[in-house]
Amino acid sequence: MAGRRQYPFDLIEPKWQQRWDELEAFRAWNPGVTIPPAHPFAVRHQAPAETLPKYYILDMFPYPSGAGLHVGHPEGYTATDILARYKRACGLHVLHPMGWDAFGLPAEQYAIKTGQHPRKTTETNVATFKRQIKSLGFSYDWSRELDTTDPHYFKWTQWIFLKLYNSWFNPATNKAEPIEKLPLPPELAEGNSPDMEARRRGYRDARRLAYVSEAPVWWCEQLGTVLANEEVVDGKSEVGGFPVTRKPMRQWMLRITAYAERLLQDLDSIEWSDSLKEMQRNWIGRSEGAEVDFQVAGHAEKIRVFTTRPDTLFGATYMVLAPEHRLVDIITGPAQKAAVQEYKTAVAKKSDLERTELAKEKTGVPTGAFAINPVTGQQIAIWIADYVLISYGTGAIMAVPGHDTRDYEFATRFHLPVLQVVEPPAGIPWQGFVDDGLAVNSSNAEISLSGLATPEAKRLISEWLAKKGLGKKTTNYKLRDWLFSRQRYWGEPFPIIWKTGLSGVPYHEALPESALPVMPPVLDDYKPTSDGQPPLARAKDWVNLPDGSTRETNSMPQWAGSCWYYLRYLDAQNAEAFCRPAAERYWMGTAKVEGQTTPGVDLYVGGTEHAVLHLLYARFWHKVLFDLGLVSTAEPFFKLVNQGLILGEDGQKMSKSRGNVINPDVILADYGADALRLYEMFMGPLEMTKPWSTKGVEGVYRFLGRVWRIFVDEQSETDYEQNCTANPEAASRFLAQIALSASIQATPATPAQLKALHACIKKVTEDLDGMRFNTAISALMVFINEAIGWPTKPAVVLREFLVLLQPFSPHLAEELWDKLKAVDGRADAGSMAYAVWPKFDPARLVEDTLEIPVQVNGKLRDVLRVPAAITPAELEAAAKASEKVKPYLAGKTIRKVIVVPRKLVSIAAA
RNA sequence: GCCCGCGUGGCGGAAUUGGCAGACGCGCUAGAUUCAGGUUCUAGUAGGUAACACUGUACAGGUUCAAGUCCUGUCGCGGGCACCA
């Protein structure tokens, strides 16, 4: 490291971290809990904790990887810690917890390689993360620490799964309801035969929020597991970037699509960034349109299509089915059978990556069949092509090549007819015009759209189709149901068993709550079995139950634990419930508390990588729990902020291969936690991507050194090289012998000193409210730059400054706060954890003179120093009288003079 | 291709939302302290000029007494979505 140590942070920081631990200084108190009278919380607040307004501030909990903390972690954690400390100082009851999202692939892959149990790896990694996080002095309530792999935790993850399993979505009420209350159709209502029982069971199973499906799913050979849509990026696995293929498998699904509309609508009720909301909107992918039925000529079959442009129906000149469409084999003519089969096979062999990457040129083959356009009566060819996806809409489209880019490309390639049915604004060619215009060439004997603007044409044709029974208005979503099972060992087992029903058909049943937690079996080998079964299937004793039923061998995805951890923090130790209602209502802000306005988590900070995975899944679970009356808010996270990425010093993304990774442990050892915290906040706005600079750390470190030297007598810091780090007593003796500077006195502050202080209070307070940490720190620096020149420094002023510094660099602030006792004798200075935030007094900032810039024709010509009480007329006169201004007015006529009181004078002259 | 966001000194970034562009920090220059290096302290630091003038917030226009900020177009960078009918 460069330079001498600025101050003994290596003694100060462990001392205060230990003190906070001993005091349990940052514990948050649930309703009904008695607070020890000596606790600083009780000392500050006379009222019971549950009558104070709460502030729930949450970090995205980390996956404890083997690599340890990287510098991105402390960025978000410092931001939330500063706010947690600030809100505590402002008198709010702050909940600020931390835990571990510890199920996941790396621990399992390490187990496959070494045979070491993932539990062991996880424990080691958690210990490392905890040590690192603690060394940064964050004010977490560690009594609420949780770990998703702890049976006391995942018992309740399994319990919530049972809630999903035992619920269905009632479209009439738009809510999840218990499955027992699902109305049965009349034909199933009666009869107790085994057959009727099985049919009733089938009816219910098809409607549960957690259900089993045989549909094609993403399979990743390298990872040996299936993946959710959200985990597949550009045809590759999000983790590892391995190829994935489509494969029909029996899997557990969660019916998130039932919540598509609410997940979309409720975005309007929460304070997230526009870009993040937009990402969720895109993912949900709502589009309004119509379904239209096309009769297949010479067949009984109809083809149903979804279109967002029913107004272009007159321009539909052919149709396309997805190659996987049910009707393809039925309608294909004998002459086309071979070609169609060949095309289907070719498409099936393509991975999704190839299907999109090689999509430069459209492909397809005709089926030989024709459909009848319901408005023109024309026969139009039916093709199959892989640009139509089986998974969206109905898997079939009406092609309007005149006004759809993809259809236009296809029609051009295969010489299919192109008709104009929309008139663009003047000057734009109609071919391939896809925006709104005026309908043309769109009339038949019964209906005419011609001349109508696109929205009206859509409305009219939809009504007409509905009246004729040919179609109806409908809404489609891109969102698919959530594939919820994985072929992995290191995840929550499902609380599900399988039984054999009539004629050998297997069916599933939930285990009772009393069977929770379902523990995973002990295994020697964590690989999937050779026949592609999940590793849990290897444990025969575990799988096979005495009554002949067998356990579900899939496990839950990593997202399961993070879907509800923010609720477990509210009542983390509770063995009887996932969360007690009183605690839930208090911390989620729905209990009646004076001054409480925010529903849900007040502030959630984390990376943008969870924009559509964790944040969508958690909202979904929360809404189900809300419907079932288990939580009291419709949304979990009221305000959400994404921290920006920290790049390497070379401006590139940090990576081992580039060799530009900054290890926070090294920074910590060289400059201390306070400097690291301060630097990460000083780099720039929290949400921005910004490069690391170790020189920048030195800068804020020097600032902390200046703060230290304002307070202490430099002559008394005798021996910096003395090593007391390993010996707390020696450290404490050493720190105690460092005397306060003689310039600090219990004297009243001068007006100039109060002005500097209150300017700082104002700026820091406003900037913290707006989460502008970088400019708040610059205000602290401005204050110190000024105060360092004061011959005598009043203790009252410095105490208030320390309260402002404390959220940012709490260790140094505590040490100096403690030392100030020697001058002002204030004995209440044991810990700053609940020190009261100073109030800014505008009276202290009143200026008696102002500097007023004077412009002539927009150019600055003078700056006048004038009394603050000056009238606009006097100000104008003073401006015109200025010797610096006069030459620019000479020989010109003043056309206009603008006087902005207390701001500026602008003269226009010609 | 479509949808967001952003372009300010050598660098990270400020600018009360239309009112003195460059706060604060890094770096750099000079001086003091020191045997010396480091540290610390003091002064300076957008370009330009001997000093003024003048020029400057990606580029080109526009609105205004006044534009980094508002409007139109262009270019560049970052992120998201990507055959979603």
Side-chain angles (χ1 to χ4, degrees), chain A residues 2-6 233-234 273-279 281-283 285-287 289 305-309 312 320 322 355-356 359-360 362 385-389 391-400 404-407 409-410 434 476-480 608 611-612 642 644-645 649 651 678-679 682-685 687-700 702-703 705-706 709 714 762-763 766 772 774-782 784-785 788-789 851-863 894-900 902-909:
Chain A
R4 184 189 76 164
R5 189 169 38 185
Q6 296 272 345
V233 179
D234 293 335
S273 71
D274 289 339
S275 68
L276 194 66
K277 285 188 181 183
E278 200 52 33
M279 279 200 238
R281 286 196 191 101
N282 273 337
W283 195 263
R286 182 184 206 271
S287 61
V305 303
F306 172 73
T307 176
T308 55
R309 294 295 300 271
T312 61
V320 185
R355 201 163 150 169
T356 49
K360 310 267 187 291
K362 295 229 175 333
D386 66 357
Y387 81 92
V388 173
L389 308 174
S391 54
Y392 184 77
T394 61
I397 62 156
M398 65 176 205
V400 184
D404 181 281
T405 320
R406 298 144 302 176
D407 296 345
E409 259 177 59
F410 192 82
V434 298
N476 246 302
Y477 301 89
K478 281 196 261 182
L479 185 68
R480 301 270 75 92
T608 183
V612 285
N642 284 129
L645 201 63
E649 298 211 65
L678 202 59
Y679 173 65
F682 188 60
M683 293 170 84
E687 299 185 57
M688 193 180 274
T689 301
K690 45 213 176 274
W692 179 269
S693 159
T694 300
K695 283 286 186 193
V697 185
E698 285 180 28
V700 296
R702 273 201 283 271
F703 161 70
R706 278 204 300 283
R709 287 191 301 275
E714 286 193 74
K762 180 174 195 284
K763 181 77 176 141
E766 288 171 356
R772 293 180 297 265
N774 54 331
T775 50
I777 293 166
S778 117
L780 296 172
M781 290 172 166
V782 169
I784 285 297
N785 288 345
I788 209 159
E851 285 186 353
I852 304 293
V854 180
Q855 295 178 355
V856 179
N857 289 335
K859 291 211 163 67
L860 180 70
R861 295 305 177 191
D862 195 12
V863 178
I894 295 176
R895 288 192 321 197
K896 199 170 180 183
V897 178
I898 302 204
V899 180
V900 183
R902 304 178 64 84
K903 277 278 162 57
L904 99 168
V905 179
S906 180
I907 301 171

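Proteins get letters first, then strands, A, B, ... in listed order; numbering begins at 1 in each. This one's a predicted model, so the numbers in the text were calculated from it and none came from an experiment.
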Colleague: Whether the side chain of A/Lys690 engages the backbone of A/Pro685 through a donor-acceptor N/O pair (distance < 3.5 Å, no angle test) should be reported.
Modeller: yes

Colleague: Atom CE of A/Met683 and atom C1' of B/rA14: how far apart are they, to the nearest Å?
Modeller: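 Rounding to the nearest Å, CE of A/Met683 and C1' of B/rA14 are 16 Å apart.
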
Colleague: What residues form a side-chain contact (heavy atoms from CB on, under 4.5 Å) with A/Val897, not counting sequence neighbours?
Modeller: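 side-chain contact (heavy atoms from CB on, under 4.5 Å) list for A/Val897, sorted by chain: A/Glu876, A/Lys880, A/Ile894, A/Val899, A/Val905, A/Ile907.
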
Colleague: Assign A/Glu851 to base, sugar-phosphate, or nothing according to its heavy-atom contacts below 4.0 angstrom with the strands shown.
Modeller: base

Colleague: Determine whether a donor-acceptor pair (one donor, one acceptor, N or O, separation below 3.5 Å) exists between the side chain of A/Ser906 and the base of B/rC65.
Modeller: yes

Colleague: Does any donor atom in the side chain of A/Arg706 or A/Gln6 lie under 3.5 Å from an acceptor atom in the other side chain?
Modeller: no

Colleague: Using a 4.0 Å heavy-atom cut-off across all strands, classify A/Thr689 as base, sugar-phosphate, or nothing.
Modeller: sugar-phosphate

Colleague: Give me the distance, rounded to whole Å, that separates B/rG68 from B/rA58 when you measure between the C1' atoms they each carry.
Modeller: 12 Å

Colleague: With a 4.0 Å cut-off on heavy atoms, is A/Arg286 in touch with a base, just the backbone sugar-phosphate, or nothing at all?
Modeller: nothing

Colleague: Report which part of the nucleic acid A/Ser287 touches: base, sugar-phosphate, or nothing (heavy-atom distance under 4.0 Å, all strands).
Modeller: sugar-phosphate

Colleague: With sequence neighbours excluded, tell me which residues meet side-chain contact (heavy atoms from CB on, under 4.5 Å) with A/Val434.
Modeller: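 Expected list: A/Thr405.
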
Colleague: Could you list all the salt bridge (Lys or Arg N to Asp or Glu O under 4.0 Å) pairs where at least one residue sits in residues 851-863 of chain A, not counting sequence neighbours?
Modeller: A/Glu851-A/Arg865, A/Asp862-A/Lys884

Colleague: Can you tell me how far P in B/rC2 sits from the matching atom in B/rU63, rounded to whole Å?
Modeller: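 Straight-line distance between the two P atoms is 31 Å.
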
Colleague: What stems show up for RNA chain B when you take Watson-Crick pairs (N1-N3 plus N6-O4 or O6-N4) and G-U wobbles (N1-O2, O6-N3), both under 3.5 Å, and require three or more consecutive pairs?
Modeller: B:1-7 with B:75-81, B:10-12 with B:24-26, B:27-32 with B:40-45, B:58-62 with B:70-74

Colleague: Quick one: label A/Val782 by what it contacts on the DNA or RNA (base, sugar-phosphate, nothing), any heavy atom closer than 4.0 Å.
Modeller: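 Sugar-phosphate, backbone atoms only, no base.
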
Colleague: Under 3.5 Å between N/O atoms: give me all the protein pairs with nucleotides 26-30 of chain B, atom names plus distance.
Modeller:
unit_1 : atom_1 : unit_2   : atom_2 : d
B/rC26 : OP1    : A/Arg702 : NE     : 3.1
B/rC26 : OP1    : A/Arg702 : NH2    : 2.8
B/rG27 : OP2    : A/Arg702 : NH2    : 3.2

Colleague: Considering only atom C1', compute the distance from B/rA67 to B/rC20 and round it to an integer number of Å.
Modeller: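 Rounded to whole Å, the distance is 14 Å.
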
Colleague: Which letters describe nucleotides 57-62 of chain B, given B = protein heavy atom under 4.0 Å from base, S = only from sugar-phosphate, - = neither?
Modeller: ------

Colleague: If you look at every strand shown and take non-hydrogen atoms under 4.0 Å, does A/Asn857 touch a base, only sugar-phosphate, or nothing?
Modeller: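 Since no nucleic acid heavy atom lies under 4.0 Å of A/Asn857, the category is nothing.
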
